[in-house]
Amino acid sequence: MNRTQLGAALRELRQASGKEAKAVARGAVMSPSKLSKIETGKVSPTVVDVDRILTAIGVSEEVKAEYMAAARAEATEATAWRLIRRLGYHRKQQQIKALDDVTNVLRVFQPSLVPGMLQTPEYIRAVFGRTGIGKDQLDRTVAARIARQQSLYETSKTFQFVITESVLRWRLVPDAMMAGQLDRILSVSRLPHVDIRVVPLAARQSDVPSHSFVVRDDRMVTVETVHAEVSVTDPRDVDVYVRKFEGFAAAALSGNDMRRMIEVVRDDFLRQ
């Protein structure tokens, strides 16, 4: 049962129970509009949403267990990079921009690459150039990612980035370009609604970075693995990532200390 089918099945359960949508929405502590979007497949319900809807409808424990299992299975979704490549990386960037537009607080943890929102055009080209796509698609992908970055200047949003020191030193582009990339990070870090932190390699740690991830408003996490992008919406799993992000943020340098570290690394590149 996919997300659209789950919404339709919830609608059928509600209709079979004889309960009006407004009454179920009130019992589920959500707006009638949200319930309608869930039932029509326009909005993906969280596990909590499904639990509340089923409780408001008043289904049996057996039915509830069946639907909750389906909801939990849908709470984690993996999309292979080969499918994203087939779609077009530029289209994927456009899809992410749509998510950015409705996100108020964006948290990004990156232990290996400069986060996409902070990348220079040269760095973006190096990242996607590794995939072997043609020049036309590469140009469109670079343009689409740069277009995404415009949301950084929306002061109504909050951006939090935590990267490891190794990100600053990983030579994905020539030294002069890396120096320019670090200048870009320094520039964005001065925006009042943007918080950039760097976890120093010299600091003693109680956790390991594992992989990159992005948290959107405590409601959705995307994880980049070697073979796929994984989307997580179960609140319990999202909370795991929020706590991991907060742990690394607490161990990272911020403000002027962070900027001094980046300036030192940048100057090393300039001397090469």
Side-chain angles (χ1 to χ4, degrees), residues 2-3 44 72-100 103 106-135 137-142 144-146 148-149 160-174 177-178 181 185 197-199 201 205-216 219-234 236-245 247-249 251-252:
N2 61 33
R3 295 178 181 183
S44 299
R72 292 191 180 98
E74 282 298 311
T76 301
E77 181 179 282
T79 304
W81 292 116
R82 65 179 183 277
L83 300 179
I84 294 173
R85 174 174 174 167
R86 191 178 306 161
L87 167 72
Y89 290 115
H90 64 290
R91 291 195 178 93
K92 177 62 177 177
Q93 291 300 304
Q94 292 166 355
Q95 291 177 353
I96 299 173
K97 183 180 184 303
L99 287 175
D100 293 340
T103 298
L106 185 74
R107 299 184 184 94
V108 180
F109 175 70
Q110 249 297 358
S112 53
L113 292 173
V114 172
M117 294 290 279
L118 306 178
Q119 292 173 1
T120 61
E122 296 82 6
Y123 197 97
I124 298 170
R125 191 169 294 276
V127 169
F128 288 100
R130 300 173 303 124
T131 65
I133 58 178
K135 182 181 183 302
Q137 187 178 155
L138 180 58
D139 290 343
R140 285 185 290 173
T141 302
V142 172
R145 174 157 284 185
I146 291 173
R148 272 187 60 210
Q149 294 175 352
Q160 299 175 335
F161 300 93
V162 175
I163 61 179
T164 60
E165 183 182 344
S166 57
V167 169
L168 308 178
R169 300 181 181 277
W170 199 261
R171 285 173 163 82
L172 197 62
V173 294
M177 290 183 181
M178 273 304 299
Q181 174 61 78
I185 296 173
R197 303 189 180 198
V198 179
V199 181
L201 293 175
Q205 301 294 332
S206 59
D207 200 354
V208 292
S210 302
H211 50 66
S212 64
F213 59 87
V214 177
V215 184
R216 300 177 182 278
R219 61 181 170 79
M220 177 184 182
V221 175
T222 52
V223 181
E224 294 187 356
T225 69
V226 172
H227 84 289
E229 177 187 76
V230 180
S231 298
V232 180
T233 56
D234 188 315
R236 296 168 299 181
D237 295 329
V238 171
D239 185 59
V240 170
Y241 285 95
V242 170
R243 286 187 279 111
K244 194 175 186 72
F245 182 90
F248 281 122

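Hydrogens, waters and symmetry mates are skipped; everything else that's a heavy atom, side chains included, is used.
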*Does the ring center of Phe109 lie less than 6.0 Å from the ring center of Phe213?*
yes

*Any side-chain heavy atom of Val199 sitting closer than 4.5 Å to one from Glu165?*
no

*Which pair of non-hydrogen atoms, one from Val232 and one from Val238, has the smallest distance, and what is that distance?*
O-CG2, 3.8 Å

*How far apart are the closest heavy atoms of Tyr123 and Met178, and which atoms are they?*
CE1-SD, 3.9 Å

*Any chance you could measure Leu118, atom CG, to Gln110, atom CD, to the nearest 0.5 Å?*
10.0 Å

_Shortest non-hydrogen contact from Ser231 toward Met220_ = OG-CE, 3.8 Å

_Rounded to the nearest 0.5 Å, what separates atom NZ in Lys92 from atom CD1 in Ile84?_
4.5 Å

*Mark yes or no for whether Gln149, through its side chain, and Gln119, through its backbone, hold a donor-acceptor pair below 3.5 Å.*
yes

*asked:* I'd like to check Leu138 versus Arg125 (side-chain heavy atoms, cut-off strictly below 4.5 Å). Are they in contact?
replied: yes

*Under the 3.5 angstrom rule, does the side chain of Gln205 hit a backbone N or O of Asp207 as a donor-acceptor pair?*
no

*Taking the side chain as every heavy atom from C-beta outward, state whether Arg107 and Tyr241 have any pair of such atoms under 4.5 Å apart.*
no

*Are there more than 12 heavy atoms of other residues, nucleotides or ligands under 6.0 Å from atom CZ of Arg82?*
no

_Tell me whether Ser166 contacts the main-chain N or O of Pro111 through its side chain, where contact means a donor paired with an acceptor under 3.5 Å._
yes

*Side chain of Arg91, backbone of Leu87: donor and acceptor closer than 3.5 Å?*
yes

_Side-chain donor/acceptor of Arg85 to backbone N/O of Thr131, under 3.5 Å_ = yes

*Side-chain donor or acceptor of Glu229 paired with backbone N/O of Thr79 under 3.5 Å*: no

*Qualifying residue, where the test is side chain to side chain donor-acceptor pair (under 3.5 Å) with Arg216 and the options are Thr222, Asp100, Thr233*: Asp100

*Is a donor on one side and an acceptor on the other found under 3.5 Å between the side chain of Gln137 and the backbone of Tyr89?*
yes

*Any chance you could measure Leu201, atom CG, to Thr164, atom OG1, to the nearest 0.5 Å?*
6.5 Å

*Do the side chain of Thr225 and the main chain of Ala228 share a donor and acceptor less than 3.5 angstrom apart?*
yes

*Rounded to the nearest 0.5 Å, how far apart are CD of Gln93 and CD1 of Ile146?*
10.5 Å

*Show your working on side chain to side chain contact (heavy atoms under 4.5 Å, CB included) between Phe245 and Val162 and close with a plain yes or no.*
CA-CA 8 Å; Phe245 182 90; Val162 175; 3.5 Å; yes

*Examine distances only and state if a side-chain atom of Arg197 and a backbone atom of Ala249 form a donor-acceptor pair shorter than 3.5 Å.*
yes

*Are Arg130 and Leu172 close enough that some pair of their side-chain heavy atoms sits under 4.5 Å apart?*
yes

*Please answer whether the main-chain N or O of His211 pairs with a side-chain N or O of Glu224 as donor and acceptor at a distance below 3.5 Å.*
no

*How far apart are the closest heavy atoms of Val226 and Trp81, and which atoms are they?*
O-CD1, 3.3 Å

*asked:* Among Leu106, Val214, Val108, Ile185, which residue satisfies the side-chain contact (heavy atoms from CB on, under 4.5 Å) criterion with Pro115?
replied: Val108

*How long is the span from the CD1 atom in Ile163 to the OG atom in Ser212, to the nearest 0.5 Å?*
12.5 Å

